2 protein chains.
Amino acid sequence: METLFRSDVALGLPLYREVKHKLMEALRDGEWKPGETIPAEKRLCERFGVSVGTLRKAVDELTAENILIRHQGRGTFVASHSQDRYMFGFFHICPKVGHKEYPTVEFISLEKEKADGDSARRLGIGKGTRVVRIINRLSLGGKAAIIDDILLPERYFGGMTADQVRERHTTLYQLYQDEFGVAVLRTEERLEACGANEQIAGLLGIDEGTPLLHIVRRAMTFRDEVVELRHSYVITSDYEYYAGEEAMRVGE
Amino acid sequence: METLFRSDVALGLPLYREVKHKLMEALRDGEWKPGETIPAEKRLCERFGVSVGTLRKAVDELTAENILIRHQGRGTFVASHSQDRYMFGFFHICPKVGHKEYPTVEFISLEKEKADGDSARRLGIGKGTRVVRIINRLSLGGKAAIIDDILLPERYFGGMTADQVRERHTTLYQLYQDEFGVAVLRTEERLEACGANEQIAGLLGIDEGTPLLHIVRRAMTFRDEVVELRHSYVITSDYEYYAGEEAMRVGE
DNA sequence: CAGTGGTCTAGACCACATT
DNA sequence: ATGTGGTCTAGACCACTGT
């Protein structure tokens with residue numbers, strides 16, 4: 001196939017990366033929504049003027065990043081947030097003995113605040129920018145085990161109300177997706193140990209100073225823009241944090 | 001190309017997975033040692049009787065798992081443990097502010113013991129099996145920050161001596177590789193918060209009960225056999241654990 | 001220069017899902 | 001039967017590395 005010009009943004013990039021970039025743009029622009037199929041490979045090849053192999057290499061990378069999901073015989077789908085996906089890819093707490101279970105979520109509060117310096121830096125916004133702050137209590141095995149302290153930039157989540165958060169029967173990431181059109185694509189987590197302060201101890205019904213796992217999670221959407229900053233405080237007497245590939249482990 | 005029979009272990013597996021399996025076997029058998037190049041793609045295609053595309057797909061997976069490393073123009077190399085690789089892929093503690101630094105390691109003790117029930121289970125060996133136990137103290141920024149309590153099955157590390165561990169100027173994984181022919185291919189980590197007990201507090205020079213990050217790491221070699229069980233106790237006032245893909249993050 | 005891996009093509013056939 | 005993704009081939013050309 002004769003290649004005359006290769007796109008306006010081809011800075012020596014391999015062709016399949018250009019294609020990947022264009023797919024990302026289309027996804028970001030909402031051309032295909034979460035849960036929908038994208039066009040068949042053959043059609044996409046025509047659209048981008050590349051061969052199957054090249055198109056597949058672009059899609060390969062997007063599936064490896066859990067942005068697209070392929071189903072043989074059915075099509076290629078835009079990844080959608082669900083309870084299962086949350087458990088598999090974003091919730092890293094599991095019991096030391098026994099099987100992983102979904103936490104019971106109890107809404108505590110929703111407030112509008114101004115971001116302090118540290119939060120603003122982590123969110124990539126200016127200090128003092130307005131944010132939504134949500135506090136939840138999560139229970140595992142019937143016992144309060146985790147406090148989630150969540151900050152959301154108003155830019156993405158302006159009209160969020162307490163009722164929206166309280167009445168939902170989905171994960172928060174589904175709420176972001178369905179009500180605000182925000183797709184969480186990946187997260188990054190940093191962990192430390194801390195002693196429970198007065199507020200957390202009260203919410204969890206434990207003694208002040210009890211060792212807790214403190215997780216700082218940043219959730220990113222397209223272009224690596226941060227859309228959520230979450231502090232989780234976890235009682236780790238019966239549960240632990242699992243750092244694993246989860247994905248891969250395919251076969252020898 | 002005419003395919004008559006496809007290997008003795010072809011249980012409906014794709015051809016490229018068979019090839020991957022055979023490459024793994026050759027690596028496990030030491031046909032190519034860490035740091036060496038494996039034969040050029042063309043030669044491997046002849047050896048396995050497959051086309052380049054198929055061979056490449058097998059090698060792609062092995063490079064994604066950090067078992068092989070490709071260098072354009074130079075060849076494909078068997079991954080070898082080095083200080084840099086340890087920092088990049090296995091040492092997940094970094095300062096809350098500033099750049100990642102390599103820890104100073106101080107040898108505390110090496111003993112031969114019998115594995116208790118919990119350790120034996122995690123190592124995949126029988127209770128009471130003999131193991132080597134190493135304790136190290138790691139310092140960051142000049143201050144003691146981590147205690148490593150390491151268990152190694154005697155099956156792999158029988159003749160290990162305190163001098164071997166004390167006198168080395170490499171990472172432990174390099175020692176496993178160079179002196180015992182054991183290749184650590186991947187690790188799995190579980191984290192919890194705990195209060196420092198008397199022994200750990202003493203070794204770290206902190207108060208008993210200080211909240212610490214407790215990391216339980218299992219290191220695996222070929223066939224997912226566990227070759228190391230490591231308990232790390234980390235002071236997280238200035239440092240934190242980073243859970244990240246590290247790899248990927250390739251490009252939009 | 002020769003040799004290596006990196007990209008790309010064009011097309012065949014297979015396996016699976018749906019109609 | 002049709003359409004989807006999954007595998008595989010055979011070969012071309014490019015980019016990088018070392019001699």
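Being a predicted model, the structure only gives us computed values, none of them experimental. Lettering follows sequence order; numbering is per chain, from 1.
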Checklist outcome for this item: Lys20(B) atom NZ is separated from dT7(D) atom P, nearest whole Å, by 12 Å

Next on the checklist: Within the 4.0 Å heavy-atom criterion, would you say Lys57(A) contacts the bases, only the backbone, or no part of the nucleic acid?
Outcome noted: sugar-phosphate

Next on the checklist: At 4.0 Å (heavy atoms only), tell me whether Thr37(B) reaches a base, stays on the sugar-phosphate, or touches nothing.
Outcome noted: nothing

Checklist entry - Between Leu13(A) (CG) and dT7(C) (P), how many Å, whole number? => result 11 Å

Item to check | 5' precedence on DNA chain C between Arg70(B) and Gly73(B) (nearest-nucleotide basis) | outcome: Gly73(B)

Next on the checklist: Output the rounded distance in Å from CD1 (Ile38(A)) to P (dT4(D)).
Outcome noted: 12 Å

Item to check | Rounded distance in Å - CD (Glu41(B)) to C1' (dT4(C)) | outcome: 8 Å

Checklist outcome for this item: Separation of dT4(D) atom P from Leu55(A) atom CG, nearest Å, is 13 Å

Item to check | Among dC8(C), dG6(D), dA15(D), the one nearest Arg56(A) by side-chain distance | outcome: dG6(D)

Next on the checklist: Quiz question: by atom type and distance under 3.5 Å, do the side chains of Glu228(A) and Tyr173(A) form a donor-acceptor pair?
Outcome noted: yes

Checklist entry - Can you check the Gln72(B) CD to dG3(C) C1' distance for me, whole Å? => result 12 Å

Next on the checklist: Determine whether Arg168(A) and Glu179(A) satisfy the following criterion, salt bridge (charged side-chain N to carboxylate O under 4.0 Å, His left out), listing intermediate values before the conclusion.
Outcome noted: CA-CA 11 Å; Arg168(A) 91 207 133 88; Glu179(A) 302 298 326; over 6 Å; no

Next on the checklist: From CG of Asp60(B) over to C1' of dT7(C), roughly how many Å is that when rounded to an integer?
Outcome noted: 12 Å

Item to check | OP1 or OP2 of dG3(D) under 4.0 Å from side-chain N/O of Arg74(A) | outcome: no

Checklist entry - For the pair made of CZ in Arg43(B) and P in dG3(C), what is the distance, rounded to whole Å? => result 9 Å

Checklist entry - What about the rings of Tyr176(A) and His81(A), do their centers lie closer together than 6.0 Å? => result no

Next on the checklist: Looking at every heavy atom in both Met87(B) and Glu101(B), which two are closest together, and how far apart are they?
Outcome noted: CE-O, 3.1 Å

Item to check | Distance test, side-chain N/O of Thr54(B) to OP1/OP2 of dT9(D), below 4.0 Å | outcome: yes

Checklist entry - How close do Val132(B) and Phe157(B) get, heavy atom to heavy atom, and via which atoms? => result CG2-O, 3.8 Å

Next on the checklist: Let's see if you can work this out: which of dT7(D), dT9(D), dG6(D) has an atom nearest to the side-chain heavy atoms of Pro14(B)?
Outcome noted: dT7(D)

Checklist entry - Hey, is the side chain of Ser51(A) poking within less than 4.0 Å of OP1 or OP2 on dC8(C), counting only N and O atoms? => result no

Checklist outcome for this item: Of the candidates dT9(C), dG5(D), dT7(D), the side chain of Leu15(A) sits closest to dT9(C)

